[in-house]
Number of protein chains: 2
Amino acid sequence: MAASPTTPSERAAGDLARPSETPDEALRARLLDHTLRVLLRDGYRRFSMNAVATSARASKETLYRHFGDKTGLLHAALVRMAVLIDPLLHVGLDSATTREDRLRQLGRNYLHGCYLPEALALQRIAYADGEHGLGPLFAEEITERAIAVVEAEFEALGCDDPRRDAEVYLGMIQGKLHERIMLGAELDDLDGQIERQVDHALVVMAPYLTTLDERRPG
Amino acid sequence: MAASPTTPSERAAGDLARPSETPDEALRARLLDHTLRVLLRDGYRRFSMNAVATSARASKETLYRHFGDKTGLLHAALVRMAVLIDPLLHVGLDSATTREDRLRQLGRNYLHGCYLPEALALQRIAYADGEHGLGPLFAEEITERAIAVVEAEFEALGCDDPRRDAEVYLGMIQGKLHERIMLGAELDDLDGQIERQVDHALVVMAPYLTTLDERRPG
DNA sequence: CTTGCGCCGTACCGTACGGTACGGTACCGT
DNA sequence: ACGGTACCGTACCGTACGGTACGGCGCAAG
């Protein structure tokens, strides 16, 4: 809301127009966006502070001033990504009435979020990284949040162990598609694949949910 | 079988005693074992040809003579790992009578193979690597083989789409455990976790399999 | 106008890596 | 006994990276 009153001359926002940000926030956002972009373009190995600075047309000094070191930059980029994709999980949930519809929509959203190019790049480094502590951060900021949302859904379904069911459901819809994508397979019609993945997961899970229903009123 | 007759003086096998190998094969095996070990110890980023050479007490020249370059070494190590873990998938399958028992045993074996330390290290680099072509190789040499075995099992169950069911099942038993492990979570009682994971996957899947049975004889 | 701050661009330093070259040595086949 | 081959150890080269330093510029505050 409060656009800093002392700086009316909004700095050229560069690539993404973000209203109501202090110039400092705008710069930070720009740097983090380019961090994700470079990560996506160059991969984990080739990712370098130099490349980020060049891509963002900033100086390395600025990078280090804002984020301390490479670890700090990667952490900030991960957290930013988490904030950006979080709302995606809730898209279209209001218009889903059936429990099954809600699960289907949740599954769709989850997979679409997972397979965003920048999200994939982040998953790659979170998986492979062993020196910047990105793995635990990813687990906390991204995985855990998603599980919590799905868990709430299964809790409303009256499952004995909603947490476990949520994890199984997410595993089902990922199936081996996730692994294939992470391993670099180029597949066409990703949306269709996602749809089929979620559909079949629900086909397999439906009888189980029915048994829950039957046992519940009894 | 045929131990090369011209070289009776078996070279000091170093770390692993492997009978009936030509010295060249023994050296290759030693180098690849140390490759996996260094990969496991140092991670993907810090992994270096120097470290492998030092660990194996070999010279870099030898490494390059045998494997060409870093990519070749990593490829060879991956293929070797694939060969080593392949038989693990079939452990105890003979004594499993029920279809469900077979699925359970298969699931156990699969997860145990996945979570071997060296296998984890390989998965990490296969996921993150974008320059050595390890992803597709991993998919072909490891993932694809495992899926095929499980697929055969579901085919025997009379599923409409055994391939898809196999992938869903593997996804279920991995659940979020796989992701947590890959992200560096330290968890105790891995065996217990695996057991619970497989158990619950079968609980969820059992009603679905029953519907298949019911539809089948009718 | 002066001061200070944040930024840019570039240069710089130390280190580490991939890959090659070379001297020296053990062993094998002839 | 001789030549070839594979090996070790080490040194070397070019490159690239993380991180720092410095000069110069724009801009806002006093």
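The chains referred to below are lettered A, B, ... by the order of the sequence lines, with proteins before strands, and numbering in each begins at 1.
- Counting only heavy atoms from C-beta on, B:S48 has its side chain closest to C:dC17 among D:dC7, C:dC17, C:dC8.
- Distance A:R46 CZ to D:dG18 P: 13 Å, rounded to the nearest Å.
- Nearest to the side-chain atoms of B:M49 among the listed nucleotides D:dG19, D:dC8, C:dG18 stands C:dG18.
- Atom CD of A:E25 and atom P of C:dG6 are 16 Å apart (whole Å).
- Between the CG atom of B:L73 and the C1' atom of C:dG18 there is a distance of 12 Å, rounded to whole Å.
- When the nearest nucleotides of DNA chain C are assigned to B:K60 and A:R65 by heavy-atom distance, the more 5′-ward of the two goes with A:R65.
- With rounding to whole Å, B:H34 atom NE2 is found 11 Å from D:dC8 atom P.
- The A:D69 side chain lies nearest to D:dG19 when the options are D:dG19, D:dG18, C:dC8.
- Salt bridge present: A:D33 and A:R80 bring a charged side-chain N and a carboxylate O closer than 4.0 Å.
- For C:dG18, the paired base is D:dC13 (Watson-Crick or G-U wobble, both distances below 3.5 Å).
- In this structure, B:H66 does not reach the D:dA6 phosphate: none of its side-chain N or O atoms is under 4.0 Å from OP1 or OP2.
- A:T35 places a side-chain N or O within donor-acceptor distance of the main-chain N or O of A:L31, the cut-off being under 3.5 Å.
- Rounded to whole Å, the distance from CD on B:E61 to P on D:dA11 is 16 Å.
- Straight-line distance from the CG atom of B:L27 to the P atom of C:dA26: 18 Å, rounded to whole Å.
- Contact record, B:M81 with B:L36: SD-CD1, 3.9 Å, taken as the closest heavy-atom pair.
- Mapping A:R45 and A:T62 onto DNA chain C via the closest heavy atom, the residue that lands nearer the 5' end is A:T62.
- Put simply, the side chain of A:N109 gets close to the backbone of A:V91: a donor and an acceptor are under 3.5 Å apart.
- The OH-C1' distance, from B:Y64 to D:dA6, rounds to 18 Å in whole Å.
- Whole-Å rounding puts the B:K70 NZ to D:dT15 C1' distance at 14 Å.
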Exercise for review: Give the intermediate values and the outcome of side chain to side chain donor-acceptor pair (under 3.5 Å) for residues B:Q123 and B:H178.
Suggested key: CA-CA 11 Å; B:Q123 284 176 75; B:H178 188 250; 2.7 Å; yes
